[in-house]
Chemist: 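Below you'll find the structure I mean.
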Amino acid sequence: AALHGMALFAEKDIVPLPGPIPLSTKWMKLVLLERYLPRTEWVVWFDADAVFLSLPSNAADVIGRVAREWTSAVVFGNRVGARAGGEMERTLCSCVFAVRNSPGGWWLLRRWW
C-alpha cells in the first residue's frame, strides 16, 4: 500500500458485535467501513481470501478508470458460467469493492446494514 501512496488498515482481532442478533465476522466489514471511511476519499475492501491473478495496475488506477465524479461505489463482479446461448452469467462480489466518502457511499453502507 505504501508503495502506491495508500494507507493500509488491517484488522486482525475482530470479534462479533454483541446484540440481539450478533453479527458474524463476515458482516464486520460494514462496521470497519464506517470506521475508516471518514479518514479518506475512498475505502477499498479486499476480503482476506481474495485472490488476484493479474492486476492491470493499482487500486487507485482501477477506480479512476471506472468511477466518475458522481460515482459512490464500485462493485466488482464475477463471470460465473455460460447461460443458454453462450451469454456469460455475472454476479456481484462483496469481497472486493470500493466505497466513496460521499452521501451516496454512506447511503449504501446504511442500506446494506
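Please read these numbers as outputs of a predicted model, since none were measured by experiment. If you read the sequence from its start, that first residue is 1, and numbering goes on from there.
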Chemist: Indicate the atoms forming the closest heavy-atom contact of W42 with S72, along with that distance.
Modeler: CZ3-O, 4.1 Å

Chemist: Looking at R100 and T71, would you say the former's side chain and the latter's main chain have a donor-acceptor pair under 3.5 Å?
Modeler: yes

Chemist: Would you say W106 and P38 make side-chain contact, with heavy atoms under 4.5 Å?
Modeler: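 Touching, per the 4.5 Å side-chain cut-off.
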
Chemist: If you compare all heavy atoms of L109 against all heavy atoms of E34, which two are closest, and at what distance to 0.1 Å?
Modeler: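 Scanning both residues, the minimum pair turns out to be CD1-CG, 4.2 Å.
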
Chemist: Under 4.5 Å between any side-chain heavy atoms of V99 and L37, yes or no?
Modeler: yes

Chemist: Less than 4.5 Å apart, any side-chain heavy atom of L108 and any of F97?
Modeler: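 Not touching, per the 4.5 Å side-chain cut-off.
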
Chemist: What is the distance from atom CZ of R110 to atom CG of L30, rounded to the nearest 0.5 Å?
Modeler: 11.0 Å

